[in-house]
Colleague: 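Take a look at this one; I'll ask things after.
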Protein chains: 2
Amino acid sequence: MVTLAEVAQHAGVSASTVSYVLSGKRSISASTRQRVERSIQQLGYHPNAGARALASNRSNIIALMIPLRTDMYMPVMMEIAIAVATTARAHGYDVLLLTGEEGPDAVRRVTGSGLADAMIPMDVELDDERLPLLRGSDRPSVLIGLPADTTGLTCVDLDFGATGALCVEHLAKLGHRDIAVIGEAPGVYERHTGFAERTLDGLRSRSRELGLRLLHRPCEGGYDAMSVTLARVFDERPSTTGFVVQNESAVEPLLALLRQQGRAVPEDVSVVAICPDQLAMQASVRLTSVAIPAQEMGRRAVELLVAKLEGHGTDEVVLLPPELTVRASSGPAPSTS
Amino acid sequence: MVTLAEVAQHAGVSASTVSYVLSGKRSISASTRQRVERSIQQLGYHPNAGARALASNRSNIIALMIPLRTDMYMPVMMEIAIAVATTARAHGYDVLLLTGEEGPDAVRRVTGSGLADAMIPMDVELDDERLPLLRGSDRPSVLIGLPADTTGLTCVDLDFGATGALCVEHLAKLGHRDIAVIGEAPGVYERHTGFAERTLDGLRSRSRELGLRLLHRPCEGGYDAMSVTLARVFDERPSTTGFVVQNESAVEPLLALLRQQGRAVPEDVSVVAICPDQLAMQASVRLTSVAIPAQEMGRRAVELLVAKLEGHGTDEVVLLPPELTVRASSGPAPSTS
DNA sequence: TAGGATTGTCGAAGCGCTTCGACTAGATTC
DNA sequence: GAATCTAGTCGAAGCGCTTCGACAATCCTA
């Protein structure tokens, strides 16, 4: 391993000078800088991460806490994780991957040991166990997701409340009066996961305002679960003509089952999905959907975090405005005749 | 931040004694140990990661290099990543998430800076750029995936050659003679990704041995791409009755399109998928499939790596044997009458 | 042209931990 | 009962870096 001292010797300067060349915290003459940089190149020097962390009290590592539940839609998590990693690298940070398994202890361990400078908790519950720790910590954090109380926190999320409202409005405008919501798996609601509950709130309050009837049914993914759920929906509200689907792995099953029952989309039934654009476009019917801007969320979270780490940056809640794209799965409600 | 020295003082012992209590590298009397452990508890001590890394030359971090391409099936990657993180934690390691973006430089950076003790490269190409660096490095690594030349390397992967063979055998046994392979996206082959090419080899050589006719078509996911691909297949080989699908996001489109064309599965056409079990069971037709043991791969990789880090552990190639589960998507070939 | 500000460089002191050698007591040996 | 072990503990020397204060040398400004 090449050390700072060896680089210094090779370049004929002191160790501190090399350090200042690297960090740019003091001005260095152009000639010296070049000499040092050449030595670094030639020797293939890489600063030792541990030594740096010890001396500077900064590890240049951001901890990303992903859920390990399998009832969350993986591709979205993955996309966020990749966006976080990519953006972090662009700012000189590496990303440590923590699973939900450790729970709040992970926060203690990581901040206590100085392993990471900052944290990005995902899969935030409304009254998340980690919140007090995050609030009380000197290390900054940015949540991806929205808890009930955001005081003293920085959060990034799609505005799921507005998303729900938007879906309802779209269907209302097309004349639909009876709307069924195919929600996430029951476990997601039992955990009081922020995004799921907020979506529901948005859906409910807007449909109340618009005088629509709303039926919410959580649903595990897959054909069997969807089949049972769908039967129940039409049983309870035969007049249902609009669907809002939030569970990605229920989308395709729903479309197949509707088809199978002879209900045409969008002639008889309209479907609005809340899912990544890619999925909406790859489905068997191009789906009218509100996109989940996974990349954007990951990127924004890191940018907020880096701002905090650099001193500027304040607590704020960034709610990305939902965008509804009309595709082939929604249309005017069938006439009631 | 509580330091080792403070714990030592609190417990009335020297710093080195606390260190030995923590590491267990020298014997400590039961009474002293208890006193120290109680102090650690009371003070809420967490060893500083940087200092530890500097002094011991071990970071207790494993770097996981995931692809950032979107043509790979994300859930599998995610599942592997989570298994890696979970297993690593169980062995006292944390996981650093690196994306493919940096390429081989990531290997240099991470090993050069001592950021990670070991690496797990994923998405391995047959002649991967990273291989020489890994071979020449003093830091151990375990690849998830199989390059062309494995000398001096440790690898874990599903035996994709055997997987291909198994799919063909299954269809052959059912009397199918003309088989179409719906492969991964073209880019995957262009990069010479190990698993895709090995599957193809297995499919081809076994069908040659069994006297079957094989048509391989790469395919992007989604309905449009699948629709075009399928049309070409039946155009070129109208007698096709068996499908092997390796691209997860082509599975559901294929089933829908076949249905739409009035070809019943499995009466007219049999489909064998290479995909995670969950997907096979959630599809609109329960799929006969060879499972991709994502968790197992992640777990095994970490275990091999930990063995190497602890001194025992040798270079070896672990090929997990494929298992084909017969479900509802495959059946006897229709009689040629 | 003297005084103060600015620029570029160095030396040294740590950051918090691990680990090696040394030391003390008691246990074991012949 | 002297010689030898062993178990348990300590002190001190680093690991490779950052950063502070000090110091020359150069630059203004009046």
Side-chain angles (χ1 to χ4, degrees), chain A residues 1-37 39-40 43-61 92 109-117 138 309, chain B residues 1-37 39-40 43-61 92 109-117 138 309:
Chain A
M1 288 298 83
V2 187
T3 68
L4 223 204
E6 296 176 83
V7 173
Q9 193 178 1
H10 187 271
V13 297
S14 75
S16 48
T17 301
V18 177
S19 177
Y20 286 124
V21 168
L22 252 26
S23 70
K25 293 195 178 173
R26 283 199 184 176
S27 52
I28 297 286
S29 69
S31 66
T32 305
R33 187 202 314 293
Q34 283 168 18
R35 205 140 33 85
V36 170
E37 278 165 355
S39 297
I40 289 177
L43 300 179
Y45 169 70
H46 288 274
N48 183 89
R52 186 170 262 200
L54 176 57
S56 67
N57 203 25
R58 293 289 232 99
S59 65
N60 289 305
I61 289 179
R109 191 170 64 84
V110 162
T111 62
S113 67
L115 224 192
D117 295 334
D138 48 331
L309 285 166
Chain B
M1 288 298 84
V2 187
T3 68
L4 222 203
E6 297 177 83
V7 173
Q9 194 180 359
H10 187 270
V13 298
S14 75
S16 47
T17 301
V18 177
S19 177
Y20 286 123
V21 168
L22 251 28
S23 70
K25 292 194 179 172
R26 283 199 185 177
S27 54
I28 298 285
S29 69
S31 67
T32 305
R33 187 201 315 293
Q34 282 169 18
R35 207 142 29 85
V36 170
E37 278 165 356
S39 297
I40 290 177
L43 300 179
Y45 169 69
H46 288 274
N48 183 89
R52 187 171 262 198
L54 176 56
S56 67
N57 203 24
R58 293 287 233 97
S59 65
N60 289 304
I61 289 178
R109 190 171 64 86
V110 162
T111 62
S113 67
L115 224 193
D117 295 333
D138 48 330
L309 285 166

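Just so it is clear: chains get the letters A, B, ... in the order the sequence lines come, proteins before strands, and each one is counted from 1.
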Colleague: With the side chain counted from C-beta on, respond yes when B:N48 and B:M1 share a heavy-atom pair under 4.5 Å apart, and no when they do not.
Modeller: no
Colleague: Per the salt bridge (charged side-chain N to carboxylate O under 4.0 Å, His left out) rule, what does the pair list look like for residues 43-58 of chain A, sequence neighbours excluded?
Modeller: A:R58-A:D117
Colleague: Between B:T32 and B:Y20, is there a side-chain heavy-atom distance shorter than 4.5 Å?
Modeller: no
Colleague: If the condition is side-chain contact (heavy atoms from CB on, under 4.5 Å), which residues does B:Q9 pass it with, not counting sequence neighbours?
Modeller: none
Colleague: Specify the closest pair of heavy atoms between B:G50 and A:A53, including all atoms of both residues, with the distance to one decimal.
Modeller: CA-CB, 4.1 Å
Colleague: What is the bend of the helix from C:dG4-D:dC27 to C:dC30-D:dG1 when you compare the axis at one end with the axis at the other, using five pairs each and rounding to 10°?
Modeller: 30°
Colleague: For DNA chain C, which residues of residues 23-31 of chain A approach it to below 4.0 angstrom with any heavy atom?
Modeller: A:R26, A:S27, A:I28, A:S29
Colleague: Could you tell me how far C:dG3 sits from C:dT7 if I compare only their P atoms? Round to whole Å.
Modeller: 22 Å
Colleague: Report all side-chain donor-acceptor pairs from residues 11-19 of chain B shorter than 3.5 Å, counting only partners two or more places apart or in another chain.
Modeller:
{"residue": "B:S14", "atom": "OG", "partner": "B:S16", "partner atom": "OG", "Å": "3.0"}
{"residue": "B:S14", "atom": "OG", "partner": "B:T17", "partner atom": "N", "Å": "3.4"}
{"residue": "B:S14", "atom": "OG", "partner": "B:T17", "partner atom": "OG1", "Å": "3.1"}

Colleague: Does anything in residues 13-22 of chain B come within less than 4.0 Å of DNA chain C? Heavy atoms only, and list the residues if so.
Modeller: B:S16, B:S19, B:Y20
Colleague: With sequence neighbours excluded, what pairs up with A:R35 under the salt bridge (Lys or Arg N to Asp or Glu O under 4.0 Å) test?
Modeller: none
Colleague: On a heavy-atom basis, which atom in A:Y45 and which in A:L4 lie closest, and how many Å separate them?
Modeller: CE1-N, 3.5 Å
Colleague: Could I get the full list of side-chain contact (heavy atoms from CB on, under 4.5 Å) partners for A:S27, not counting sequence neighbours?
Modeller: none
Colleague: Would you please name every residue forming a side-chain contact (heavy atoms from CB on, under 4.5 Å) with A:R33, sequence neighbours left out?
Modeller: A:V21, A:I28, A:E37
Colleague: Quick check for you: name the first and last nucleotides of DNA chain D, 5' to 3', having an atom under 4.0 Å from a heavy atom of chain B.
Modeller: D:dA7 to D:dG16
Colleague: How far does NE2 of B:H46 sit from CD1 of B:I40, to the nearest 0.5 angstrom?
Modeller: 10.5 Å
Colleague: Would you please name every residue forming a side-chain contact (heavy atoms from CB on, under 4.5 Å) with A:A49, sequence neighbours left out?
Modeller: B:S113, B:L115
